[in-house]
Amino acid sequence: MFDLSGRTAVVTGASQGLGHRFAELLAEHGAHVGLAARNVGKCQALQRAIEAAGGQAASVALDVTAGVAAIDAALDGVEQALGPIDILVNNAGVAVSKAFLEQSEEDWDQVVGTNLKGAFFVAQRTASRMAARDGGSIVNIASVLSFDVIGHLAPYAAAKGGLWQTTRTMALELARHGVRVNALAPGYIETEINRDFLAGPAGERMRQKIPQRRFGTPSDLDGALLLLASDASRYMTGSVIVVDGGFMVA
């Protein structure tokens, strides 16, 4: 049920962090993977690694804030290289950590533009292709901050909360077209982007609030991502899976 052979997946934000791992995982399970990110050089390095392991991948440049035309061009590039898109992992995201009173209009536009507006239109443009064929699976990468809050991340929490509501709305409207839409909500996952912060005093205070008393690793999301991307979740839509070491219940 977790076999993705013959399917084409797109992962946004695939150049690093969680997106990098998601792309590797899908390729390991047989998917042809479109690697989409602003840093196409890093995507190409990942593409070479996937191909060296016997998989298939294609790299496309995509800034999700660049508008619908740019999104369509990237999706066209993936489909021309790998075939019709069956799976979208809507992962591209950014965060700006500042106190609420210090967040600027530019900070808001960057974070909400990427994490909510960009994700909305990537999903919309991909779903339109899926709906015209045999359906597909969209996995929006939400966050525990879709449901909870901490300080200094107000635009991020607003965007991720909005992405969860967008997931539910999409699931409702797209079910008749055979397109499933679910969300994966990670907790505090250690990547190269946040490793230094999590290793410091603020990170240690955060770790103590997690019942498992550890931060997650990208591979801790493997099972949930595979479930939502594959036919194993064929009767799931509008659902969210939280993977957070118990943070939400603390």
Side-chain angles (χ1 to χ4, degrees), residues 1-15 18-38 40 43-44 46-47 50-51 55-93 114 117-142 163 166-167 169-171 173-184 225-234 236-238:
M1 295 178 72
F2 296 100
D3 183 15
L4 302 176
S5 297
R7 301 191 187 181
T8 295
V10 173
V11 180
T12 65
S15 61
L18 298 184
H20 188 283
R21 175 57 195 156
F22 294 152
E24 286 182 325
L25 178 70
L26 296 175
E28 288 167 5
H29 286 263
H32 305 159
V33 186
L35 312 170
R38 290 178 296 182
V40 74
C43 288
Q44 289 169 338
L46 175 56
Q47 177 183 341
I50 289 172
E51 291 172 343
Q56 293 188 42
S59 301
V60 294
L62 176 60
D63 179 346
V64 301
T65 68
V68 169
I71 293 168
D72 279 336
L75 297 177
D76 286 343
V78 171
E79 292 198 327
Q80 288 166 10
L82 302 174
I85 297 166
D86 305 293
I87 300 162
L88 168 66
V89 181
N90 209 4
N91 168 76
T114 302
K117 181 181 177 181
F120 180 100
F121 283 105
V122 170
Q124 182 200 67
R125 304 313 299 160
T126 308
S128 68
R129 297 163 188 252
M130 293 175 170
R133 297 191 295 264
D134 296 325
S137 175
I138 294 174
V139 184
N140 290 324
I141 305 304
L163 184 58
T166 298
T167 299
T169 302
M170 290 174 60
E173 294 193 33
L174 294 174
R176 70 196 69 182
H177 300 292
V179 179
R180 298 184 298 105
V181 189
N182 295 290
L184 172 58
L225 191 280
L226 270 180
L227 171 64
L228 296 180
S230 71
D231 287 343
S233 60
R234 61 184 177 270
M236 291 175 65
T237 195

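For the single chain, residues carry numbers from 1 onward in sequence order.
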Closer than 3.5 angstrom, by distance alone: can the side chain of [X] be matched with the main-chain N or O of [Y] as a donor-acceptor pair?
| X | Y | value |
| --- | --- | --- |
| Thr167 | Asn182 | no |
| Ser59 | Leu35 | no |
| Asn90 | Val139 | no |
| Thr166 | Phe120 | no |

Using the side-chain contact (heavy atoms from CB on, under 4.5 Å) rule, pick out the option among Val78, Leu88, Val10, Ile71 that qualifies with Thr126.
->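 The side-chain contact (heavy atoms from CB on, under 4.5 Å) with Thr126 is passed solely by Leu88 among Val78, Leu88, Val10, Ile71.
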
Test Asn91 against every option in Val64, Ile141, Asn140, Val122 by the side-chain contact (heavy atoms from CB on, under 4.5 Å) rule and name the one that passes.
->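 Only one option passes, and that is Ile141.
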
At their closest point, which heavy atom of [X] faces which heavy atom of [Y], and how far apart are they?
| X | Y | result |
| --- | --- | --- |
| Cys43 | Ala37 | SG-CB, 3.6 Å |
| Ala58 | Ala81 | CB-CB, 3.7 Å |
| Gly93 | Thr114 | CA-CG2, 3.8 Å |
| Val181 | Ala171 | O-CB, 3.7 Å |
| Ala57 | Glu51 | O-OE2, 3.5 Å |
| Ala61 | Val40 | N-CG2, 4.0 Å |

Nearest 0.5 Å, what's the [atom1]-[atom2] distance between [X] and [Y]?
| X | Y | atom1 | atom2 | value |
| --- | --- | --- | --- | --- |
| Leu75 | Thr8 | CG | OG1 | 12.0 Å |
| Asp72 | Arg125 | CG | CZ | 4.0 Å |
| Phe22 | Leu226 | CZ | CG | 10.5 Å |
| Leu228 | Arg180 | CG | CZ | 7.5 Å |

Positive for salt bridge (Lys or Arg N to Asp or Glu O under 4.0 Å) with Arg7, one of Asp134, Asp231, Asp86 =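 So, applying the salt bridge (Lys or Arg N to Asp or Glu O under 4.0 Å) to Arg7 and each of Asp134, Asp231, Asp86, only Asp231 qualifies.
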
Give the C-alpha distance, both sets of side-chain angles, the deciding distance and a yes or no for side chain to side chain contact (heavy atoms under 4.5 Å, CB included) between Thr65 and Lys117.
-> CA-CA 7 Å; Thr65 68; Lys117 181 181 177 181; over 6 Å; no

Take His20 and Leu46, measure what side chain to side chain contact (heavy atoms under 4.5 Å, CB included) needs, and give me the verdict at the end.
-> CA-CA 8 Å; His20 188 283; Leu46 175 56; 3.6 Å; yes

Might you confirm whether atom CZ of Arg129 has over 12 heavy atoms from other residues, nucleotides or ligands at distances under 6.0 Å?
->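 More than 12 heavy atoms, drawn from other residues, nucleotides or ligands, come within 6.0 Å of this atom.
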
More than 12 foreign heavy atoms under 6.0 Å from CZ of Arg133: is that the case here?
->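 Atom CZ in Arg133 is packed in, count exceeds 12.
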
Taking side chain as C-beta onward, heavy atoms only, is Met130 less than 4.5 Å from Ile138?
->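 Met130 vs Ile138: side chains touch.
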
What residues, two or more places apart in sequence or in another chain, satisfy side chain to side chain donor-acceptor pair (under 3.5 Å) together with Ser230?
->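 Side chain to side chain donor-acceptor pair (under 3.5 Å) check on Ser230 returns nothing, list empty.
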
Under the side chain to side chain contact (heavy atoms under 4.5 Å, CB included) criterion, do Ile50 and His32 qualify, and how do the steps go?
-> CA-CA 10 Å; Ile50 289 172; His32 305 159; over 6 Å; no

